[in-house]
There are 2 protein chains.
Amino acid sequence: MIYCIRSKEGTQTIYTHPEVTDLTSDIFDFCSSMTDEQDGRARELIERAAAKWPLRILHVLSDAGAPLRFSRLMERVEGISQKVLTQTLRTLERDGLIIRTLYPEVPPRVEYELTSLGRDLLMQVATLWRWIVEHLDDFDARKAVKLMATANA
Amino acid sequence: MIYCIRSKEGTQTIYTHPEVTDLTSDIFDFCSSMTDEQDGRARELIERAAAKWPLRILHVLSDAGAPLRFSRLMERVEGISQKVLTQTLRTLERDGLIIRTLYPEVPPRVEYELTSLGRDLLMQVATLWRWIVEHLDDFDARKAVKLMATANA
DNA sequence: CAGCATCCCATAAGATACTG
DNA sequence: CAGTATCTTATGGGATGCTG
């Protein structure tokens, strides 16, 4: 449970502001039930998803609302190279976020589309995104506010 | 509005499953009000936060529940190098997620602590984390399920 | 103690050329 | 069309040594 938020020991200092306790208790309960392996896999998925291109590709597919061919993606995902687009699509496919369909015609046609998991993930990330945008002005060292803490060991 | 989820044109194919429409409408409304600059800055913040170490460091600080010295962080953030810890801490500080306090003693003492923004961000990410862990088994190409779509142009 | 400076390497990403 | 192959460059990160 490396990344989870719950304190491991009751002997440690914890935040005592009621606000904090209220907000975090749910998540804490959840974290305590998460295994190291689950935590690690979730970490990987987050890291991959938040990389340079994946979210953008998922968004383009969502925005299109229909399967897109490789070349259409190249046009719409501005700035990506062919190699990186291919790589990223393969990763997204492996993670079950998109589906790749090859139509064995001449010339070949390949279509990529969002899976329902891909759409759901995008929704979840969008929620986080929204929170960040709403707090954009606070992400600034000059506005940093300390958290009140008291020892309770 | 590069990454937002809303379709730009009403003439495009959109998902018509009621489920989809219901779930996404809120986020769509929000996305339409997001400027390119906001979107870009949020993107940067997400990318930085989801990098290798930041979440782990924030978690360790949250878990400790009190300010930690540099050397305590080195111990608790297993596997990180001194250089990268320093770098990451500086970035977290610039983004207003932690506060660095230097006590000009001999030998010098430096303490790092979470800001309320840092704690809040951690909570938001934990929510996403939780969703991912609950759907861990679905992140698999073999379980991919297409999204139903209909043209509405 | 808490770092900065330096060197080194592994990986990510970009550019270009070629192909089933 | 939708890639693959290859080369080069940029970046992240690790290891080591030094210092106010």
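We name chains A, B, ... by the order of the sequence lines, and we start the count at 1 in each one. This is a predicted model, so every value here is computed, not measured.
- OP1 or OP2 of C:dA2 has at least one side-chain nitrogen or oxygen of B:Ser71 nearer than 4.0 Å.
- Rounding to whole angstrom units, NZ of residue A:Lys83 and C1' of C:dT19 are separated by 18 Å.
- Of the listed nucleotides (C:dG3, D:dG14, D:dT4), D:dT4 has the atom at the smallest distance from the side chain of A:Arg90.
- Residue-level contact check: A:Tyr112 touches the backbone only, with heavy atoms under 4.0 Å from sugar-phosphate atoms and none from bases.
- Of the candidates D:dG13, C:dC1, C:dA2, D:dG13 carries the atom nearest the B:Lys52 side chain, counting heavy atoms from C-beta on.
- Side chain of B:Arg43 to backbone of A:Lys52: a donor-acceptor contact under 3.5 angstrom is found.
- At the phosphate of D:dA2, OP1 or OP2 sits under 4.0 Å from a side-chain N or O atom of A:Arg69.
- Here the P atom of nucleotide C:dC1 and the CD atom of B:Glu75 are 10 Å apart, to the nearest Å.
- Here the P atom of nucleotide D:dG12 and the CD atom of A:Glu47 are 13 Å apart, to the nearest Å.
- Atom CZ of A:Arg72 is separated from atom C1' of D:dG3 by 15 Å (rounded to the nearest Å).
- Residue A:Gln82 is classed as a base contact, given a heavy-atom separation below 4.0 Å to a base.
- Atom CZ of A:Arg48 is separated from atom P of C:dA12 by 12 Å (rounded to the nearest Å).
- Nucleotide D:dG3 holds its P atom 13 Å from the CG atom of A:Leu68, rounded to whole Å.
- Rounded to an integer number of Å, the gap from B:Leu89 CG to C:dG3 P is 7 Å.
- Among the nucleotides D:dG3, C:dG14, C:dC4, the one closest to any side-chain atom of A:Trp53 is C:dG14.
- With rounding to whole Å, B:Phe70 atom CZ is found 18 Å from D:dT19 atom P.
- Open room surrounds CD on A:Glu78; 12 or fewer heavy atoms of other groups in view lie less than 6.0 Å from it.
- Without hydrogens or angle criteria, A:Thr115 side chain to A:Leu97 main chain gives a donor-acceptor distance under 3.5 Å.
- Crowding of B:Glu105 atom CD: a count of heavy atoms from other residues, nucleotides or ligands under 6.0 Å exceeding 12.
- Remark: side-chain polar atoms of A:Thr88 are paired, donor with acceptor, to backbone N or O of A:Val84 under 3.5 angstrom.
- Mapping B:Arg100 and A:Gln87 onto DNA chain C by nearest heavy atom places B:Arg100 at the nucleotide closer to the 5' end.
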